A.B. asks: 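Please see the structure below; I have some questions.
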2 protein chains.
Amino acid sequence: MGHKLTENLSDTDCVRHFKAIQDTQYILNGKWKVLIIAMLAQGKRRYLELQRILEGIGSKMLSKELQHLEINGIVLRTVTNAKPISVEYELTAYGKTLKPLTDEMARWGIAHKHHLRNK
Amino acid sequence: MGHKLTENLSDTDCVRHFKAIQDTQYILNGKWKVLIIAMLAQGKRRYLELQRILEGIGSKMLSKELQHLEINGIVLRTVTNAKPISVEYELTAYGKTLKPLTDEMARWGIAHKHHLRNK
DNA sequence: ATAAGCACTTCCCTTTAAGATAGCAGTTCC
DNA sequence: GGAACTGCTATCTTAAAGGGAAGTGCTTAT
């Protein structure tokens with residue numbers, strides 16, 4: 001049943017490829033995680049700062065998503081013992097490895113807007 | 001309020017960046033679309049072929065997702081007038097612009113598996 | 001005539017994601 | 001002492017995503 005051999009992965013490779021994509025999707029899943037990561041890629045942010053910039057997110061969502069990302073080693077949570085208590089979130093070194101992905105999502109989204117405009 | 005100016009986008013840029021990510025997420029949204037695109041990146045496929053390789057997807061999902069991708073110009077659907085009717089799906093030129101993204105998702109997923117293993 | 005293959009569509013149901021609203025604990029400021 | 005700010009958590013409800021099974025329309029094979 002032959003398309004060209006060179007442009008197809010074997011079935012086993014194919015399954016491995018799919019599993020990998022699914023693993024990535026598991027980490028980034030939902031409406032907000034990529035956005036949170038993209039924000040934190042620009043530097044540390046505090047809880048209410050995140051909530052303000054991510055317009056529309058509720059506290060429940062935000063804390064749930066941050067916990068998910070923390071558990072998976074993407075985000076680091078630090079409580080500073082400053083006068084008014086404050087909690088800072090930032091990407092871990094590992095979290096930063098997602099930057100090419102979030103950048104590519106942003107890049108494609110921008111290209112997509114141009115594409116729609118010129119149709 | 002100053003992190004280094006060079007590593008932060010302005011608020012307006014930030015919003016534009018987020019909107020772009022959201023647009024991309026809209027196109028790729030759900031459990032199956034990225035997988036379908038990754039499959040079709042390897043070449044044309046027929047409906048039942050897709051369903052067989054994407055283990056677990058139901059006919060309803062598959063046709064819904066394919067329609068969504070077709071409407072958005074990612075996928076091209078062709079009915080061949082062969083003896084047993086067959087329908088072929090492939091990426092459009094525009095759909096192929098998503099390859100860097102799906103590749104990066106696969107790449108990160110594989111790296112992630114290694115990361116978990118070495119912890 | 002019957003059966004089987006392909007590409008779907010329809011209907012119904014369960015699970016999950018997301019949103020709105022409220023509340024709480026610990027400061028600090030007035 | 002009351003209000004306000006920060007960082008949450010809990011509850012309740014709604015909306016959307018996803019899955020299973022069955023059925024449709026067409027064609028070819030037996």
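So that the names make sense, note that chain A is the first sequence line, chain B the second, and so on, each numbered from 1. Bear in mind the structure is a predicted one, so any value in this text is a computation, not a measurement.
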A.B. asks: Just call it for A:Gly58: base, sugar-phosphate, or nothing, with non-hydrogen atoms closer than 4.0 Å on any strand.
C.D. replies: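 Nothing: the residue A:Gly58, judged by heavy atoms under 4.0 Å, touches no strand.
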A.B. asks: How is A:Ser86 classified with respect to the nucleic acid when contacts are heavy atoms under 4.0 Å: base, sugar-phosphate, or nothing?
C.D. replies: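 It contacts sugar-phosphate atoms only.
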A.B. asks: Whether B:Tyr47 contacts C:dT9 is assessed here as follows: a side-chain N or O lying under 4.0 Å from the phosphate OP1 or OP2. Is that the case?
C.D. replies: no
A.B. asks: If I take atom CG in residue B:Leu62 and atom C1' in nucleotide C:dC6, what distance separates them, rounded to the nearest angstrom?
C.D. replies: 13 Å
A.B. asks: Separation of B:Tyr26 atom OH from D:dA16 atom C1', in whole Å?
C.D. replies: 13 Å
A.B. asks: Base, sugar-phosphate, or nothing: which does B:Ser59 touch, judged by heavy atoms less than 4.0 Å apart?
C.D. replies: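 The answer is base, as B:Ser59 lies within the cut-off (heavy atoms under 4.0 Å) of a base atom.
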A.B. asks: Only Watson-Crick and G-U wobble pairs, only distances under 3.5 Å, only runs of 3 or more: what stems does that leave for DNA chain C?
C.D. replies: C:1-30 with D:1-30
A.B. asks: According to the interplanar angle, ranging from 0 to 90°, do the rings of A:His112 and B:Tyr94 count as parallel (below 30°), tilted (30 to 60°) or perpendicular (above 60°)?
C.D. replies: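 If you compare the ring of A:His112 with that of B:Tyr94, the planes turn out parallel.
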A.B. asks: Counting only N and O atoms by type, is there a donor-acceptor contact under 3.5 Å from the side chain of B:Ser86 to the main-chain atoms of B:Thr80?
C.D. replies: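 Checking the backbone N and O of B:Thr80 against the side chain of B:Ser86, no donor-acceptor pair under 3.5 Å is found.
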A.B. asks: Figure out the CD/C1' separation between B:Gln67 and D:dG18, and round it to whole Å.
C.D. replies: 16 Å
A.B. asks: What is the distance, to the nearest angstrom, from the NZ atom on A:Lys64 to the P atom on C:dA17?
C.D. replies: 6 Å
A.B. asks: Applying the 4.5 Å side-chain criterion to the ILVMFWY set and letting contacts propagate, would B:Ile85 and B:Leu50 be lumped into a single cluster?
C.D. replies: yes
A.B. asks: Picking from C:dA7, D:dC12, D:dG18, which would you name as closest to the side chain of B:Lys60?
C.D. replies: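 That would be D:dG18.
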A.B. asks: Quick one: label A:Lys31 by what it contacts on the DNA or RNA (base, sugar-phosphate, nothing), any heavy atom closer than 4.0 Å.
C.D. replies: sugar-phosphate
A.B. asks: Under 4.5 Å between side-chain heavy atoms, counting indirect links through other Ile/Leu/Val/Met/Phe/Trp/Tyr residues: same cluster for B:Ile36 and B:Leu48 or not?
C.D. replies: yes
